[in-house]
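So the structure is just underneath, and the comments pick up after that.
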Amino acid sequence: MDELVRDLPGSARVLDLGAGGGSFAYHSTQAKVIAADLAFPPRAQSCWARVIVRSQALALKDATVDVAVCNHAFEHFEYLEETLFELNRVMKAGGYLWAAIPNGFCFDDDLYRFVFAGGGHVNRFSLQSFMETVEANTQFRVLRYKKLYSGLVYLNPPSADKLPAYPRRARLLARVPPRLLESILRWANYLTRFSDRYLGSHMSHYGWGIIFRWETDPSPRRNLSALQIERAPADLNVCFCCGAGHPEATLKHRLHRFLFWKMYRCPTCGKENVFFG
């Protein structure tokens, strides 16, 4: 996602749909960022424009967006096909769509839905079904994807302003001493990856990040298998606190020993994590 927005000129426009407080670092691009959501938190990132709008009725002119970012948003869109129509309408020819989606049939999504009573997830996707849905309803065509791993970030100690909105079951997180809960999550991240590698489970898998390009004369819907799509390297090490994923090579100089394990401090938030190579 960062590669799509990093080198855009100041005249370009990036739509962050389902933005919340900002689904990427807005200062990382010179482009004009338009944050769109049903509501925004008090400490939302500053940007060129912030609009309160429904995903199925975007208040933007045709062909005015260079890049659309839907980071962990499609699973929340009740009107999925209408939202795709709107994204197709506002996108410029040759523009890009970044979509990060959860695997709706894995441990991580099931755990999130259990703790947060659904958590607003109204759609379940597999990689194949999502690619086919997008290509069937738009002029976007898949370029490449990468596998995303979970940091169990949603289980972090809730802040006082967020706690009232938590369902009853999720409020139990506030009863665990914060340092103890952080320690549990730190080692749970490591253990899920250990289980995946040596027991063949998929407990650390979150979902996928997929890049689509808007084509003026799109090829027919291809129904390509995921095995036929270019796959980018995955970032196995994901911070339990901020959810940032980091390539292994960028962490090598940050490693230090703790008993039998290698540890690193997250370059984004500074929290101590267990390294999995």
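Using a 4.5 Å heavy-atom cutoff, the side chains of D161 and P41 are not in contact. When side chains are defined from C-beta on, C242 counts as touching C266, because their heavy atoms get closer than 4.5 Å. You'll find the side chain of V5 stays beyond 4.5 Å of the side chain of V33, heavy atoms only. Annotation: side chain of L15 is not in contact with side chain of M91 (no heavy-atom distance under 4.5 Å). By the 4.5 Å heavy-atom criterion applied to side chains, W208 and K146 are not counted as neighbours. The closest side-chain heavy-atom distance from F24 to T29 is below 4.5 Å. Residues D108 and P102 have side chains not in contact (no heavy-atom distance under 4.5 Å, counting atoms from C-beta outward).
Legend: side-chain hydrogen bond (donor to acceptor under 3.5 Å, both in side chains) pairs involving residues 4-18, not counting sequence neighbours, sorted by first then second residue: D16-S23, D16-Y26. Here side-chain hydrogen bond (donor to acceptor under 3.5 Å, both in side chains) pairs that include residues 263-275, with residues two or more places apart or in two chains, are E182-K271, H256-E272.
Rounded to the nearest 0.5 Å, atoms CG (N103) and CG (D110) are 9.0 Å apart. To the nearest 0.5 Å, atoms CD (E215) and CZ (F140) are separated by 10.5 Å. Taking CD1 from I101 and CZ from F130, the interatomic distance works out to 5.0 Å, rounded to the nearest 0.5 Å. For the atom pair CD of Q128 and OG1 of T133, the computed distance is 10.0 Å after rounding to the nearest 0.5 Å. To the nearest 0.5 Å, the span separating CG on N123 from CD on E75 amounts to 8.0 Å. Here the CG atom belonging to L38 is positioned 11.0 Å from the NE2 atom belonging to H76, to the nearest 0.5 angstrom.
By the rule that hydrophobic residues join a cluster once side-chain heavy atoms approach within less than 4.5 Å of another member, Y79 and L84 end up as members of separate clusters. F85 and L60 fall into different hydrophobic clusters, where Ile, Leu, Val, Met, Phe, Trp and Tyr side chains are chained together by heavy-atom contacts under 4.5 Å. Clustering ILVMFWY residues whenever any of their side-chain heavy atoms sit less than 4.5 angstrom apart, transitively, puts L180 in a cluster other than the one holding L172. When the side chains of ILVMFWY residues are joined at heavy-atom separations under 4.5 Å, either directly or via intervening members, L148 and Y96 end up in two distinct hydrophobic clusters. Cluster annotation: V115 is connected to M203 through the hydrophobic network of ILVMFWY side chains, with a link wherever side-chain heavy atoms come within less than 4.5 Å.
Judged by distance alone, with hydrogens and angles left aside, the side-chain atoms of N88 form a donor-acceptor pair with the main-chain N or O of Q139 at under 3.5 Å. Side-chain atoms of D62 do not come within 3.5 Å of backbone N or O of V90 as any donor-acceptor pair. Of the possible polar contacts, none joining the K32 side chain to the V14 backbone as a donor-acceptor pair under 3.5 Å is found. Without hydrogens or angle criteria, D37 side chain to A19 main chain gives a donor-acceptor distance under 3.5 Å.
The shortest non-hydrogen separation linking L181 to N156 is CD2-C, 3.9 Å. Minimum heavy-atom separation, S204 to T192: CB-OG1, 3.6 Å. Closest heavy-atom contact between V142 and E135: N-OE2, 3.1 Å. Closest of all the heavy-atom pairs between A100 and N71 is CB-OD1, 3.2 Å. Here the shortest heavy-atom pairing between T250 and P247 reads OG1-O, 2.7 Å. Counting all heavy atoms, side chain and backbone alike, L58 lies closest to V53 at CA-CG2, 3.9 Å.
With sequence neighbours excluded, the residues that form a side-chain contact (heavy atoms from CB on, under 4.5 Å) with K92 are D66. Scored by the side-chain hydrogen bond (donor to acceptor under 3.5 Å, both in side chains) test, R113 finds D109 as partners (sequence neighbours excluded). The side-chain contact (heavy atoms from CB on, under 4.5 Å) search around R171 returns L163, Y166, not counting sequence neighbours.
Crowding of K262 atom NZ: a count of heavy atoms from other residues, nucleotides or ligands under 6.0 Å not exceeding 12. Crowding of E248 atom CD: a count of heavy atoms from other residues, nucleotides or ligands under 6.0 Å exceeding 12. Residue F114 places its CZ atom among 12 or fewer non-hydrogen atoms of other residues, nucleotides or ligands, all under 6.0 Å distant.
For Y206 and H72, the ring centers are positioned less than 6.0 Å apart. F74 and F125 have their aromatic ring centers separated by at least 6.0 angstrom.
Other residues sharing a hydrophobic cluster with Y190 under the 4.5 Å side-chain heavy-atom criterion for ILVMFWY residues are Y149, W187, L191, F194, Y198, L236, V238, F258, L259, F260, W261, M263, V274, F276.
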Steps toward side chain to side chain contact (heavy atoms under 4.5 Å, CB included) verdict (L97, T138):
CA-CA 11 Å; L97 167 65; T138 70; over 6 Å; no
Worksheet item: Given R141 and F212, is the side chain to side chain contact (heavy atoms under 4.5 Å, CB included) satisfied, shown in steps?
Response: CA-CA 5 Å; R141 294 296 178 263; F212 299 84; 5.9 Å; no
- Take L80 and N137 through the test side chain to side chain contact (heavy atoms under 4.5 Å, CB included) and record every step on the way to the result. CA-CA 10 Å; L80 179 60; N137 290 279; over 6 Å; no
With side chain to side chain contact (heavy atoms under 4.5 Å, CB included) as the test, would you mind laying out the steps for C239 and C269 before giving the verdict? CA-CA 8 Å; C239 178; C269 71; 3.5 Å; yes
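A cation-pi arrangement is present between R50 and F40 under the rule of less than 6.0 angstrom and at most 45 degrees off the ring axis.
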